[in-house]
Amino acid sequence: MAKILLVLYPDSVTGYPPQYARDSIPVLDGYPDGQTLPSPSAIDFTPGALLGSVSGELGLRRFLEAAGHELVVTSDKDGPNSVFERELVSADIVISQPFWPAYLTAERIAKAPKLKLAITAGIGSDHVDLDAAISHGITVVEETYSNSISVAEHAVMQVLALVRNYLPSHEWVVNGGWNISDSVERAYDLEGMNVGVIAAGRIGRAVLRRLAPFDVRLHYTDKNRLSPEIERELGLTFHPDAASLVRAVDVVSIHAPLHPETYHLFNDALISSMKRGSYIVNTARAEITDRDAIVRALESGQLAGYAGDVWYPQPPAADHPWRTMPHNGMTPHVSGSTLSAQARYAAGTREILEDWFADRPIREEYLIVNGGQLAGVGAASYTAGGESSPGSGGK
């Protein structure tokens, strides 16, 4: 029997919710590219429930314990004395979410001789040292597409929130004011603006499709150019690199994976080449931007706004400068963890576990590392030049 170590974010400060805002969530027929939804033999949760917190347990406890497995659930993941660190040494399987990542470093993997499977509940496995996983024969998987549209919706929301100056306007109302001039002095229409996407994988393409009806001029860059049919359908302008794209647009939405080519891509030099008053939304990975360069650009006015939900590390320190920098629309890492998305990646996690315990092949689109090597469709997200892979910039 196996020991499963499940790392999830803490419950709400008011406790696990006794009821929800809605009674149900929509039922999807499939994903936009034709990939089928997760298909476990059963689920032991109600879709629409809070599953990603410690009390939600991804709906796995009954299933695992009925089969004789041990399930350890914790939110305590950082530091040498954390529950995660202590329990890892005897764990066979580790599961965590990119929103509350359990960092599987080379040092930690070396201390976990029994570890054979690392599951990301969601998309985005860069919290796992893949080289160490390969050398130790650990299989790494994630639930491709489970929350891609969730992230795309969040990115579009944040683009609109920045351009329309929504958050400061809302604060005036909350604080008892009706200050129209203060609210609109930084508000613009998105219509007619040039909007660019860095990496046109599943999430990037979904953002382009959702922005097209706003009558904007759409741009993108990617290592692999999209088909002429898609470019014509959406009216896309292709750029060979980020440097070319950012000079041409008013708004940038980042959806690339983090690897050496994208690390600190948005630094002082690149940001200074953008139009004054540009906006950046980053729902990919925080370290694609230089943290302090973003702060400087907002303070100087080179950027009119910055939003996103990705930070480094996660969770960030209380004094992280992005919490208080001007004209920011930051949220916690929540874009891919809606209650709708949780139902899909909880089901996907159970499907993976069922296949693993039955010694059946895990679906290829879930595989990142298998048999001591990068494998499957998703692996391209974690290699330089993999921006156009299906899981690019995933959560």
Given 3.5 Å as the limit, does a donor-acceptor pair link the side chain of [X] with the main chain of [Y], or not?
X: D222; Y: R225; result: no
X: D189; Y: E191; result: no
X: E57; Y: L51; result: no
X: T262; Y: P257; result: yes
X: S272; Y: A269; result: yes
X: N370; Y: L367; result: no
X: S244; Y: D241; result: no
X: D129; Y: D131; result: yes
X: D290; Y: H264; result: no
X: Q342; Y: G52; result: yes

Would you say that [X] contacts [Y] through its side chain, given a criterion of any heavy-atom pair below 4.5 Å between the two side chains?
X: Y306; Y: T289; answer: yes
X: L353; Y: L60; answer: yes
X: L226; Y: L236; answer: yes
X: L117; Y: D92; answer: no
X: H127; Y: Q314; answer: no
X: L303; Y: I280; answer: yes
X: W322; Y: P316; answer: no
X: D182; Y: W172; answer: yes

Salt bridge present between [X] and [Y] (N-O < 4.0 angstrom):
X: K223; Y: E261; value: yes
X: R363; Y: E365; value: yes
X: E85; Y: K77; value: no

What distance do [X] atom [atom1] and [Y] atom [atom2] have between them, rounded to the nearest 0.5 Å?
X: E65; Y: I4; atom1: CD; atom2: CD1; value: 9.5 Å
X: T139; Y: I93; atom1: OG1; atom2: CD1; value: 10.0 Å
X: Y20; Y: L50; atom1: OH; atom2: CG; value: 5.0 Å
X: Y103; Y: I109; atom1: OH; atom2: CD1; value: 14.5 Å
X: L5; Y: L71; atom1: CG; atom2: CG; value: 8.5 Å
X: R210; Y: L234; atom1: CZ; atom2: CG; value: 11.0 Å

Check whether the side chains of [X] and [Y] place a donor and an acceptor atom closer than 3.5 Å, and report yes or no.
X: H333; Y: S335; answer: no
X: T36; Y: Y31; answer: no
X: D250; Y: S278; answer: no
X: H154; Y: D309; answer: no
X: T283; Y: Q158; answer: no
X: T144; Y: Q35; answer: no
X: R344; Y: S150; answer: yes

Check the surroundings of atom [atom1] in [X]: do more than 12 heavy atoms from other residues, nucleotides or ligands lie under 6.0 Å from it?
X: N175; atom1: CG; answer: yes
X: R61; atom1: CZ; answer: yes
X: R360; atom1: CZ; answer: yes
X: F357; atom1: CZ; answer: yes

Where is the tightest heavy-atom contact between [X] and [Y], given as atom of each residue plus distance?
X: N282; Y: V310; value: O-CG2, 3.3 Å
X: A49; Y: Y16; value: CB-OH, 4.3 Å
X: L265; Y: A242; value: CD2-CB, 4.0 Å
X: S90; Y: K3; value: OG-NZ, 2.6 Å
X: Y279; Y: R186; value: OH-O, 4.4 Å
X: I25; Y: A343; value: CD1-CB, 3.8 Å

Determine whether Y9 and S75 satisfy the following criterion, side chain to side chain contact (heavy atoms under 4.5 Å, CB included), listing intermediate values before the conclusion.
CA-CA 5 Å; Y9 44 77; S75 63; 5.9 Å; no
The test is side chain to side chain contact (heavy atoms under 4.5 Å, CB included); show your working for V251 and N194 and say whether it passes.
CA-CA 7 Å; V251 182; N194 288 275; over 6 Å; no
A cation-pi test, strictly: NZ or CZ of R323 under 6.0 Å from the centre of the six-membered ring of W311 and no more than 45 degrees from its axis. Yes or no?
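Judged by the rule, R323 and W311 form a cation-pi pair.
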Taking the six-membered ring of F63, is NZ or CZ of R350 closer than 6.0 Å to its centre and within 45° of its axis?
yes
If hydrophobic clusters are built by linking Ile, Leu, Val, Met, Phe, Trp and Tyr wherever their side-chain heavy atoms come under 4.5 Å apart, do [X] and [Y] end up in the same one?
X: L218; Y: Y188; answer: yes
X: L6; Y: L104; answer: yes
X: V216; Y: I230; answer: yes
X: V163; Y: M157; answer: no
X: L298; Y: V295; answer: yes

Tell me, with the steps shown, if T120 and E143 meet side-chain hydrogen bond (donor to acceptor under 3.5 Å, both in side chains).
CA-CA 7 Å; T120 298; E143 283 112 36; over 6 Å; no
Kindly indicate, with the supporting measurements, whether the criterion side chain to side chain contact (heavy atoms under 4.5 Å, CB included) is fulfilled by H255 and R202.
CA-CA 9 Å; H255 302 286; R202 285 192 174 107; over 6 Å; no
Between I271 and Q302, does a side chain to side chain contact (heavy atoms under 4.5 Å, CB included) hold up when you go through it step by step?
CA-CA 8 Å; I271 295 170; Q302 177 61 17; 3.9 Å; yes
Are Y220 and F238 an aromatic pair, judged by ring center distance below 6.0 Å?
yes
Quickly, which of T74, I95, D76 forms a side-chain contact (heavy atoms from CB on, under 4.5 Å) with V7? Name it, please.
T74
